[in-house]
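In what follows, a structure is listed as structure tokens, so that the remarks can point back to it.
Remember, predicted model here, so these are calculated numbers, not experimental data. Computation of the quantities below employed the complete heavy-atom set of this structure, encompassing side-chain atoms and omitting hydrogens, waters and symmetry-equivalent molecules.
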Amino acid sequence: MITGFILRALEGKILIAAGILVAFALLIPALNLLMPPDSPLHVPTYIMSLLGKYLCYALLALALDLVWGYCGILSLGHGAFFALGGYAMGMYLMRQIGSRGVYGDPILPDFMVFLNWKELPWFWHGMDMFPVAMAMVLIVPGLLAFVFGWFAFRSRVNGVYLSIITQAMTYALMLAFFRNDMGFGGNNGLTDYKEILGFSVQADGTRAVLFALSAIFLALCLVIASGITRSKFGKVLVGVRDAESRVRFLGYRVENIKLFTFVVSAMMAGIAGALFVPQVGIINPGEFDPANSIEVVVWAAVGGRGTLIGPIIGAILVNVGKSYFTGAFPDLWLFALGGLFIFVTLFLPKGIVGTVQQVLARRKEYRDAADKDAANTDVKPQSAPVAAE
């Protein structure tokens, strides 16, 4: 069964995309670590970390595409799952600081000492162990998605109403995490990390490994998403997106289908957040901002929802543009982002990849029709037999 899942997942374009990501996972760190700094082939560490951040965003966009592009669930709260995964990683990194913090407390993080906390909250226990923290990266976003989806999908909340309550969920979490008494650093969040698994977070080698993991996990999640969407379950998933009432009439438990997909997508978003935090060096409540979740929708729309590869391309392209325009034209960036979304909605409703696929499909149809006409022209009618004299 697993072999069949992998074979279905690794169809042409997915295999090529995963191969490119794995190649980047090897090539970019090699150019950073092995090439001398004065070499034109050398990739600076800050560029590598920036690319790693783009890959984390691409994984978040892929997670959204799984539920939006294939299940029809427009989630405006996927930034919450991303942030929760990031906080789980941030808690582990904070516990690794130990007595090297500003206040020198071996147990309590600096912000807890500053706020006169006397003991470590119960939910921080065990977060100094890497396996526990990594389990929380998956469990916490997955559990939130399960509880939220259980009530929402069984209540048959759909369309814009579902989008609104997902946005309300992430906004409520943002307000909660801003509170100092929540135990997550309040407005400042979690920062000043020292090491991960005994290696300095700032070291070039650690940065290279984090970049490679970002590319590898993106490739792995791409294969998993492709396997899901190309399976029999994936066909039912598309049916739910296009004609939910008909799928329900055929006897399928639509709420269970949606719930499974939503939980898997949330866990992917949590992985993206966990890889994001050590590369940028901070996680704060601003990651819960609903505007961030809306921006993810723009990435998926620009690249082409329902294509898996499109949202990855869209996330990278939009964030590369964001990095440039926020420096060159900081006051115009938000207008440019809004204009881009309007342009795509009006003129490229299928996104970049979807439009390219549509053009190629039409060219193939024209080519096949031309070949058929040529074949019909080449067939000569048989002449009548000549009577014998």
Side-chain angles (χ1 to χ4, degrees), residues 49-50 52-69 73-93 133-149 163 165-178 184-185 189-191 210 213-215 217-218 220-222 224-225 261-301 303 305 311-312 314-316 318-319 322:
S49 296
L50 187 63
K53 184 176 75 170
Y54 294 160
L55 292 178
C56 294
Y57 286 151
L59 179 51
L60 176 58
L62 172 65
L64 177 66
D65 190 42
L66 186 61
V67 293
W68 185 32
I73 301 172
L74 177 54
S75 170
L76 297 181
H78 256 52
F81 306 128
F82 179 84
L84 289 173
Y87 265 97
M89 174 61 83
M91 292 168 71
Y92 166 77
L93 295 173
M134 295 307 99
M136 292 299 104
V137 167
L138 296 175
I139 292 173
V140 175
L143 183 60
L144 175 62
F146 180 83
V147 174
F148 177 88
S163 300
I165 62 174
T166 57
Q167 192 173 51
M169 174 190 69
T170 188
Y171 186 68
L173 286 170
M174 181 184 71
L175 295 179
F177 274 71
F178 266 119
F184 294 105
L190 308 177
T191 188
L210 290 170
L213 288 175
S214 300
F217 270 100
L218 178 56
L220 179 62
C221 290
L222 177 62
I224 293 173
T261 311
F262 197 62
V263 170
V264 171
S265 175
M267 294 171 77
M268 288 184 180
I271 294 172
L275 291 168
F276 173 83
V277 167
Q279 296 186 82
V280 300
I282 188 172
I283 179 71
N284 60 38
E287 296 298 333
F288 287 102
D289 192 334
N292 293 342
S293 297
I294 296 173
E295 194 170 336
V296 180
V297 174
V298 176
W299 304 340
R305 72 183 184 101
I312 295 175
I316 293 174
V318 173
N319 280 285
K322 181 178 181 179

Mind running side-chain contact (heavy atoms from CB on, under 4.5 Å) on Ile165 and Phe148 for me, showing each step along the way?
CA-CA 10 Å; Ile165 62 174; Phe148 177 88; 3.7 Å; yes
Counting C-beta onward and ignoring hydrogens, is there a side-chain heavy-atom pair between Trp299 and Val296 closer than 4.5 Å?
yes
Would you indicate whether the side-chain heavy atoms of Met267 and Ile139 approach each other to under 4.5 Å?
no
Side chains of Leu50 and Gln279 in contact at under 4.5 Å (non-hydrogen atoms)
no
Quick one: are Leu173 and Leu144 in side-chain contact, heavy atoms under 4.5 Å?
yes
When every non-hydrogen atom of Leu275 is compared with those of Pro278, the smallest separation belongs to O-CD, 3.6 Å
Less than 4.5 Å apart, side chain to side chain, heavy atoms only: is that true for Leu93 and Leu190?
no
Just wondering, more than 12 heavy atoms not from Phe217 lying within 6.0 Å of its CZ?
no
Mind checking the CD1-CG spacing from Ile73 to Leu66? Nearest 0.5 Å is all I need.
9.0 Å
OH (Tyr171) with more than 12 external heavy atoms under 6.0 Å
no
When rounded to the nearest 0.5 Å, the distance separating OG1 of Thr170 from CZ of Phe81 is 8.5 Å
Where is the tightest heavy-atom contact between Ala145 and Phe262, given as atom of each residue plus distance?
O-CD2, 3.6 Å
Any donor-acceptor N/O pair, Asn319 side chain to Ala315 backbone, under 3.5 Å
yes
CD1-OH distance between Ile316 and Tyr57, expressed to the nearest 0.5 angstrom:
13.0 Å
Could you check whether any side-chain heavy atom of Ser75 comes within less than 4.5 Å of a side-chain heavy atom of Leu64, counting everything from C-beta outward?
yes
Determine whether Met174 and Glu287 make a side-chain contact, defined as any pair of heavy atoms from C-beta on separated by less than 4.5 Å.
no
Flag the pair Met134 / Met89 as yes when at least one side-chain heavy-atom distance between them is below 4.5 Å, and no otherwise.
yes
Please report the interatomic distance CG(Leu210) to OG(Ser49), rounded to the nearest 0.5 Å.
8.0 Å
For the CG atom of Leu74 and the CG atom of Leu76, what is their distance to the nearest 0.5 Å?
4.5 Å
Any donor-acceptor pair under 3.5 Å from Thr191 side chain to Gly281 backbone
yes
Which atom of Cys56 lies closest to which atom of Ala272, heavy atoms considered:
O-CB, 3.4 Å
Side chains of Ser293 and Gln167, donor plus acceptor under 3.5 Å:
no
Give the C-alpha distance, both sets of side-chain angles, the deciding distance and a yes or no for side-chain contact (heavy atoms from CB on, under 4.5 Å) between Met91 and Met136.
CA-CA 10 Å; Met91 292 168 71; Met136 292 299 104; over 6 Å; no
Going from CG on Leu55 to CG on Leu62, what distance comes out if it is rounded to the nearest 0.5 angstrom?
12.0 Å
Tightest non-hydrogen contact, residues Ala83 and Ile283, listed as O-CD1, 4.2 Å
Please name the pair of heavy atoms, one in Leu84 and one in Pro141, separated by the smallest distance, quoted to 0.1 Å.
CB-CG, 4.2 Å
Could you check whether the rings of Tyr87 and Phe177 sit parallel, tilted or perpendicular, using 30° and 60° as the cut-offs?
tilted
Less than 6.0 Å separating the ring centroids of Phe82 and Phe276?
yes
Has Arg305 got a side-chain atom pairing as donor or acceptor with Pro311's backbone, closer than 3.5 angstrom?
no
Taking all non-hydrogen atoms of both residues, which atom of Ser265 and which atom of His78 are closest, and how far apart?
OG-NE2, 2.6 Å
